[in-house]
Peer 1: 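For reference, the structure I am asking about is given below.
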Amino acid sequence: MTSHSLTPAATESLLAFWRDAGVDACFADTPVDRTHVQPPPAVKAVARATAAVTPVVDASDAVAEARRLAAGAETLEQLGEAIATFEGCPLRGLGARQSVFARGNPEAQVLVVGEGPGAEEDERGQPFVGKAGKLLDRMLKEAGLEGRVFITNTVFWRPPGNRTPTPTEQAVCAPFVERAFALLRPKAVLLVGAAASKAVLGVDEGILKLRGQWREWRLAEGGVSAPAMPTLHPAFLLRQPIAKRQAWADMLSLAARLNDSQAR
Ligand code: URA
């Protein structure tokens with residue numbers, strides 16, 4: 001049977017079969033270089049005047065729109081609603097089912113920032129609800145931080161095939177992440193994995209060097225700042241259990257810092 005002769009019901013059933021078999025991304029016959037962002041309508045692609053090479057994405061319109069929407073949100077709930085209406089993120093057109101903003105306590109002392117939604121998050125509309133999220137939750141609980149965190153990501157749509165979000169995709173979503181930080185005003189921030197740590201801190205060091213060291217996240221406007229702890233991503237810990245010891249040390253350092261600030 002060719003794809004042309006499939007009825008909608010047969011197509012749906014075939015897709016469900018593939019999904020259950022673990023096929024969670026579609027590939028065309030011709031490869032697409034996803035490191036070069038496919039511009040959505042709100043993002044202009046402009047060719048560099050001097051170069052005949054790949055177009056460069058000018059995301060400034062999308063960033064401006066994200067800033068405008070983020071600034072209009074007075075609560076974290078409104079921020080989630082604003083994100084859902086935002087069309088400027090290139091990831092939106094790449095197969096994500098829905099936006100995935102946050103979960104947790106909107107009055108939390110800790111903001112947790114991860115990389116981006118995976119397949120389960122995309123399906124359920126909440127961050128860190130898959131295997132990696134379960135490990136993260138277990139670690140938070142053991143460190144006494146259960147119910148004391150608000151969890152989000154650097155991007156709000158699932159990157160295809162769970163690839164790392166590009167700097168452009170992160171930059172376009174950054175106004176929303178910053179607004180979440182400004183609205184929550186946490187006592188501390190946990191940056192989960194290399195992609196989140198580098199994007200939020202604006203640094204280019206490797207995560208193995210960054211992790212375990214307190215940094216400061218300070219917004220350019222509004223006087224919002226908090227100590228930030230980069231740590232290893234739980235998905236990495238699932239592949240490299242030996243590294244759990246380091247992540248656990250980071251988690252304990254976070255808990256101690258919060259407990260100290262409460263004691264004062
Ligand atoms: N990994 C992340 O970085 N974020 C999620 O929400 C899920 C997995």
Side-chain angles (χ1 to χ4, degrees), residues 24-26 34 36-46 55-108 111-130 133 149-186 189 192 195-196 199-200 217 219-222 224:
D24 63 358
C26 300
R34 301 274 181 213
H36 296 294
V37 179
Q38 312 284 302
V43 180
K44 287 183 287 179
V46 291
V56 172
V57 170
D58 173 2
S60 53
D61 286 358
V63 172
E65 175 64 358
R67 278 215 189 98
R68 191 188 66 76
L69 286 171
E74 295 298 332
T75 63
L76 289 163
E77 198 184 336
Q78 285 176 10
L79 189 60
E81 288 163 8
I83 289 168
T85 68
F86 178 58
E87 300 203 337
C89 179
L91 288 169
R92 252 194 110 121
L94 298 181
R97 288 178 205 210
Q98 58 183 322
S99 60
V100 176
F101 170 44
R103 71 174 169 95
N105 179 354
E107 293 180 0
L111 176 63
V112 176
V113 184
E115 177 176 318
E120 238 173 297
E121 289 77 19
D122 182 49
E123 183 145 358
R124 291 175 49 190
Q126 289 198 321
F128 281 107
V129 289
V149 297
F150 186 79
I151 304 177
T152 189
N153 279 308
T154 61
V155 296
F156 308 110
W157 291 268
R158 181 197 179 198
N162 288 349
R163 65 155 170 74
T164 306
T166 65
T168 303
E169 290 156 359
Q170 289 180 316
V172 160
C173 293
F176 296 112
V177 183
E178 291 173 6
R179 186 69 181 147
F181 180 43
L183 288 169
L184 189 67
R185 290 192 170 256
V189 178
V192 177
V200 166
W217 182 13
L219 294 187
E221 288 165 25
V224 184

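These numbers come from the heavy atoms of this one structure, side chains and all, not from hydrogens, waters or symmetry mates. Residue numbers start at 1 and run along the sequence shown.
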Peer 1: Distance-only criterion, 3.5 Å: show the donor-acceptor pairs between side-chain atoms of residues 170-182 and protein atoms not counting sequence neighbours.
Peer 2:
residue	atom	partner	partner atom	Å
Gln170	NE2	Thr154	OG1	3.2
Gln170	NE2	Ala195	O	3.3
Arg179	NE	Ala70	O	3.1
Arg179	NE	Ala73	O	3.1
Arg179	NH2	Ala73	O	2.7

Peer 1: Could you tell me whether the side chain of Glu169 and the main chain of Pro165 form a donor-acceptor pair under 3.5 Å?
Peer 2: no
Peer 1: Identify, with sequence neighbours excluded, every residue that meets salt bridge (Lys or Arg N to Asp or Glu O under 4.0 Å) alongside Arg67.
Peer 2: none
Peer 1: Is the backbone N or O of Val113 less than 3.5 Å from a side-chain atom of Thr152, with the two atoms forming a donor-acceptor pair by type?
Peer 2: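 Between the backbone of Val113 and the side chain of Thr152 there is no qualifying donor-acceptor contact (under 3.5 Å).
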Peer 1: Test of understanding: with salt bridge (Lys or Arg N to Asp or Glu O under 4.0 Å), list the residues that count as partners of Arg92, not counting sequence neighbours.
Peer 2: none
Peer 1: If I take atom CG from residue Asn153 and atom CZ from residue Arg158, how far apart are they, to the nearest 0.5 angstrom?
Peer 2: 13.0 Å
Peer 1: Tell me, do Gln78 and Leu183 make a side-chain contact under 4.5 Å, heavy atoms counted?
Peer 2: no
Peer 1: Measure the spacing between CG of Leu76 and CD of Glu107 and express it to the nearest 0.5 Å.
Peer 2: 9.5 Å
Peer 1: Write down the atom of Pro117, the atom of Val100, and the distance for their closest heavy-atom approach.
Peer 2: CG-CB, 3.7 Å
Peer 1: First locate atom CD1 of Ile151, then atom CG of Asn105, and finally report the distance between them rounded to the nearest 0.5 Å.
Peer 2: 10.5 Å
Peer 1: Any sub-3.5 Å donor-acceptor pair from Glu121's side-chain atoms to Gly130's backbone N or O?
Peer 2: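 The answer is yes, because a donor-acceptor pair under 3.5 Å joins these two groups.
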Peer 1: Between Val200 and Val189, does the side chain to side chain contact (heavy atoms under 4.5 Å, CB included) criterion hold? Intermediate values first, please.
Peer 2: CA-CA 10 Å; Val200 166; Val189 178; 5.6 Å; no
Peer 1: Working to the nearest 0.5 Å, report the span between CD1 of Ile83 and CH2 of Trp157.
Peer 2: 6.5 Å
Peer 1: Just verifying a value: how many Å separate Phe156 CZ and Gln98 CD, rounded to the nearest 0.5 Å?
Peer 2: 14.0 Å
Peer 1: Ignoring hydrogens, what is the shortest heavy-atom contact between Leu91 and Arg163? Give both atom names and the distance.
Peer 2: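 Shortest heavy-atom separation between Leu91 and Arg163 comes out as CD2-NH2, 3.8 Å.
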Peer 1: Restricting to non-hydrogen atoms, name the atom on Ala102 and the atom on Pro127 that form the minimum distance, rounded to 0.1 Å.
Peer 2: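 The pair with the smallest heavy-atom distance is C-CD, 3.5 Å.
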Peer 1: Nearest 0.5 Å, what's the CG-CZ distance between Asp122 and Arg97?
Peer 2: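 Taking CG in Asp122 and CZ in Arg97, the distance rounds to 5.5 Å.
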